[in-house]
J.: 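Okay, here's the structure, questions in a sec.
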Number of protein chains: 2
Amino acid sequence: MSERRVTMADVAREAGVSPTTASFALSGRTDMRISDASRERVLEAARQLGYRPNVTARSLRTKSTQTIGFVSDRITTTPFAGDVIRGAMEAARERDNLLFITEAGGDRAAESSLVHALLDRQVDAVIYATMFTRYVTPPKELFGRRVVLLNCLAPGFDAPSVIPDELEAGRDAARALLAAGHTQGIWAIGGHQAVPATPEGIIAGNERMRGLEEVLREGGARLDGVIECDWDTLDGYREVSALLAAGTRPRALVCLADRVSFGAYQALAEAGLSVPEDVSVISFDDQDIASVLRPALTTLKLPHYQLGRLAVELILRGGPLDPIVHRVPMPLRERSSLGAPAGN
Amino acid sequence: MSERRVTMADVAREAGVSPTTASFALSGRTDMRISDASRERVLEAARQLGYRPNVTARSLRTKSTQTIGFVSDRITTTPFAGDVIRGAMEAARERDNLLFITEAGGDRAAESSLVHALLDRQVDAVIYATMFTRYVTPPKELFGRRVVLLNCLAPGFDAPSVIPDELEAGRDAARALLAAGHTQGIWAIGGHQAVPATPEGIIAGNERMRGLEEVLREGGARLDGVIECDWDTLDGYREVSALLAAGTRPRALVCLADRVSFGAYQALAEAGLSVPEDVSVISFDDQDIASVLRPALTTLKLPHYQLGRLAVELILRGGPLDPIVHRVPMPLRERSSLGAPAGN
DNA sequence: GCATCTTGCTAATCCGATTTAGCCGAGCGG
DNA sequence: CCGCTCGGCTAAATCGGATTAGCAAGATGC
């Protein structure tokens with residue numbers, strides 16, 4: 001694209017040395033002796049001419065493009081996951097790397113084709129990411145390659161995974177509930193989300209529930225009930241409405257996702273119940289909506305930014321990528337939806 | 001990254017021809033005569049060996065990397081703008097191009113550095129995008145380059161712009177209002193948004209308001225008032241509450257952004273007013289929240305996907321990029337917040 | 001005083017493609 | 001029978017760097 005760039009040959013000519021000398025001077029390598037005077041002249045010429053190395057040309061020889069590929073199912077589309085990309089991007093930037101972002105939309109063929117497009121461009125590594133935490137089998141083109149799995153697990157596939165610590169988040173939700181004094185009338189809305197159609201629950205739902213029940217039990221409390229439903233606003237609204245209509249009067253709702261909480265808020269409002277005076281709500285995810293809901297939602301944040309950042313950091317650390325599962329903490333965002341239990 | 005790739009030399013050897021012949025056979029060029037037999041053998045050998053051209057190496061000679069750079073202020077972060085990237089990505093994919101996605105966070109120095117990183121990698125073109133429609137001055141590194149401005153305008157900068165058709169959207173909002181029978185008691189919340197701190201309004205606010213007032217006037221109606229405030233949930237809540245507290249009873253609210261509508265909903269609910277029976281609401285943007293609000297919000301959609309797609313299409317069309325402003329329609333999403341005016 | 005090191009630098013290759021220049025043999029006109 | 005054209009193909013150069021091999025001059029060792 002337009003006007004010829006200054007090349008190393010230009011710099012060498014300007015400095016009156018050979019391209020070899022220019023190369024060594026510019027890369028700062030010391031295994032070839034260059035006099036201070038020559039080095040200075042090269043550096044000065046480079047500055048003068050505004051020389052910038054052609055990364056593409058260099059990579060032909062060095063095999064390193066300072067470029068990472070990012071393939072996901074539909075991560076850019078999901079409202080909150082832009083943070084994953086931002087985390088990855090910023091970590092990459094700090095080490096002069098750039099990201100190719102791609103999205104396969106869940107289509108295996110598209111996925112393979114994208115991975116090929118990435119490999120054709122000689123990316124140094126590939127991040128294979130999913131929108132929801134789940135098990136995956138990466139495309140075969142990725143076998144034997146430098147890969148980090150982001151937000152997913154692939155047993156038997158030789159690559160590290162970076163996922164949110166859902167188990168500990170479940171425990172933290174229980175701890176927050178107990179700390180506020182809740183021991184009874186606690187309902188979980190959304191449940192394990194073991195619905196095949198929405199695979200997110202396979203990991204997130206199970207672990208959140210497990211951690212929750214574990215700590216509740218240890219604290220001498222327990223769940224009055226678990227309502228299994230899809231993790232969306234409509235289901236949250238419907239299920240909580242039904243629960244209230246059936247005469248149940250919960251004191252605390254653990255919504256397995258913010259979308260569910262939003263539906264629950266609508267159902268509670270319609271029933272004339274206020275949060276947190278009548279019913280406390282604690283949730284998971286910390287989507288944008290959580291902070292603008294009234295009252296603002298207390299929730300365990302999915303650490304998207306950190307997830308993206310760590311994935312890139314593992315790659316840029318250099319050395320082999322050990323197939324370890326890295327669990328990133330989900331911080332509790334304490335806002336206003338969790339209060340003391342309503343008096344009897 | 002790992003195991004040596006099959007090169008064209010391998011294919012040529014396998015087919016028993018020179019690399020030159022292999023190159024011409026594979027690229028399908030006809031300006032050099034290759035016998036059908038040779039061509040077939042090359043193609044067969046390539047298939048056999050699973051040959052894929054090294055795009056990086058090729059670009060060294062051809063100057064085309066089939067790669068587009070994308071620089072934005074903070075577009076990945078904004079909840080709804082993932083669609084811009086998706087639109088751009090998909091359009092790129094259709095033509096075997098890939099996108100480098102970067103984000104400068106509004107920092108000029110970071111912006112320059114990112115553009116350099118992009119140019120060092122020989123991108124064929126750069127998309128310069130902003131989160132909100134506004135005027136910009138692109139970094140000097142972009143002058144004379146192949147650039148498309150996305151969601152922004154830069155008078156005097158020689159590049160096409162792709163922006164939403166805010167003016168027509170304002171008109172459409174007015175038309176929808178008139179069609180529903182509204183002619184009085186109409187208030188605009190959010191106004192022109194000419195607040196220096198939030199530059200989004202510079203274009204969007206002014207044009208939406210202009211289109212709105214123009215068509216309202218033509219229809220024999222007018223705005224009872226315009227409340228200038230920030231385009232966020234809290235301001236929407238505050239301003240509408242204040243309006244109602246002052247004894248005003250609007251029949252229709254034109255909220256200049258969905259975030260404002262959400263705040264307005266909260267204020268109306270607290271005042272015991274229902275949508276759309278007591279007060280109609282029409283809005284702009286169509287963020288995710290618009291469809292899960294109760295009642296679902298009627299709004300003019302910001303065409304993010306189309307914006308991203310068109311930007312890439314302009315680039316891949318080939319030929320010079322004329323400095324034209326392309327306005328993409330904002331479709332009306334009719335849902336349930338707009339009804340007939342409340343009876344007197 | 002001659003062999004051996006250093007020091008400081010350059011020529012030549014290589015990376016994996018594309019592209020230009022040109023070679024060789026067959027067919028053809030004269 | 002000679003010179004030309006043309007079909008089919010290859011050698012070599014090129015793109016912009018990194019890297020290996022090696023060379024010349026001065027310093028040092030003995």
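This is a predicted model, so every value here is computed, not measured. So that the names make sense, note that chain A is the first sequence line, chain B the second, and so on, each numbered from 1.
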J.: Which is more 5' along DNA chain D, the nucleotide nearest A/Thr20 or the one nearest B/Thr21? Just name the residue.
T.: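 Nearer the 5' end of the strand: B/Thr21.
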J.: Hey, is the side chain of B/Ser18 poking within less than 4.0 Å of OP1 or OP2 on D/dT10, counting only N and O atoms?
T.: yes
J.: What is the distance, rounded to the nearest whole Å, between atom CG of A/Leu26 and atom C1' of C/dC9?
T.: 15 Å
J.: Please state how far atom CZ in A/Arg5 lies from atom C1' in D/dT14, giving the value in whole angstrom units.
T.: 18 Å
J.: Measure from CG on B/Asp31 to P on C/dT18 and round the result to the nearest Å.
T.: 13 Å
J.: Would you check if the side chain of A/Asp165 reaches a backbone N or O of A/Val328 as a donor-acceptor pair within less than 3.5 Å?
T.: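 No, because the side chain of A/Asp165 does not come within donor-acceptor range (under 3.5 Å) of the backbone of A/Val328.
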J.: Atom CG of B/Leu119 and atom C1' of D/dG16: how far apart are they, to the nearest Å?
T.: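 Those two atoms, CG and C1', are 16 Å apart.
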J.: Tell me what B/Arg29 touches on the nucleic acid: a base, only sugar-phosphate, or nothing, going by heavy atoms under 4.0 Å.
T.: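 Touches sugar-phosphate only.
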J.: Would you mind reading off the distance between B/Met8 atom CE and D/dC15 atom C1', rounded to a whole angstrom?
T.: 14 Å
J.: Is the distance from OP1 or OP2 of C/dC15 to the nearest side-chain N or O of B/Thr56 less than 4.0 Å?
T.: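 For B/Thr56, the contact criterion (side-chain N or O under 4.0 Å from OP1 or OP2 of C/dC15) is not met.
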J.: Do any side-chain nitrogens or oxygens of A/Ser38 fall under 4.0 Å of OP1 or OP2 in C/dC9?
T.: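 Yes, such a contact exists.
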J.: Relative to each other, are the rings of B/Phe157 and B/Phe143 parallel, tilted or perpendicular (30° and 60° limits)?
T.: perpendicular
J.: Please tell me if A/Lys63 has a side-chain N or O lying less than 4.0 Å from either OP1 or OP2 of C/dG16.
T.: yes
J.: Between A/Ser64 and A/Ser59, is there a donor-acceptor pair closer than 3.5 Å when you use the side chain of the first and the backbone of the second?
T.: no
J.: Verify, without hydrogens or angle tests, whether A/Asp322 (side chain) and A/Ile324 (backbone) share a donor-acceptor contact under 3.5 angstrom.
T.: no
J.: Both B/Ala57 and B/Phe24 contact DNA chain C. Which one's nearest nucleotide lies toward the 5' end?
T.: B/Ala57
J.: Output the rounded distance in Å from CZ (A/Arg58) to C1' (D/dT19).
T.: 14 Å
J.: Looking at B/Arg61, does any N or O in its side chain come under 4.0 Å of the phosphate oxygens OP1/OP2 on D/dA13?
T.: no
J.: May I ask you to say what B/Ser59 touches in the nucleic acid, namely base, sugar-phosphate or nothing, with a heavy-atom cut-off under 4.0 Å?
T.: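 B/Ser59: no heavy atom of the nucleic acid under 4.0 Å.
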J.: Output the rounded distance in Å from CG (B/Asn54) to C1' (C/dT18).
T.: 13 Å
J.: Which nucleotide wins on minimum distance to the side chain of A/Ser23, given the candidates C/dG16, D/dC9, D/dA18?
T.: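 When the side chain of A/Ser23 is considered, D/dA18 is the closest of C/dG16, D/dC9, D/dA18.
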J.: Touch check for A/Val17, heavy atoms < 4.0 angstrom, all strands: base, sugar-phosphate only, or nothing?
T.: sugar-phosphate
J.: Can you find a side chain N or O atom of A/Tyr51 that sits less than 4.0 Å from OP1 or OP2 on D/dG16?
T.: no
J.: Between A/Met32 (CE) and C/dA11 (P), how many Å, whole number?
T.: 14 Å
J.: With a 3.5 Å distance limit and no angle check, can you tell me whether B/Arg121 reaches the backbone of B/Ala117 through a side-chain donor-acceptor pair?
T.: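 A pair under 3.5 Å: yes.
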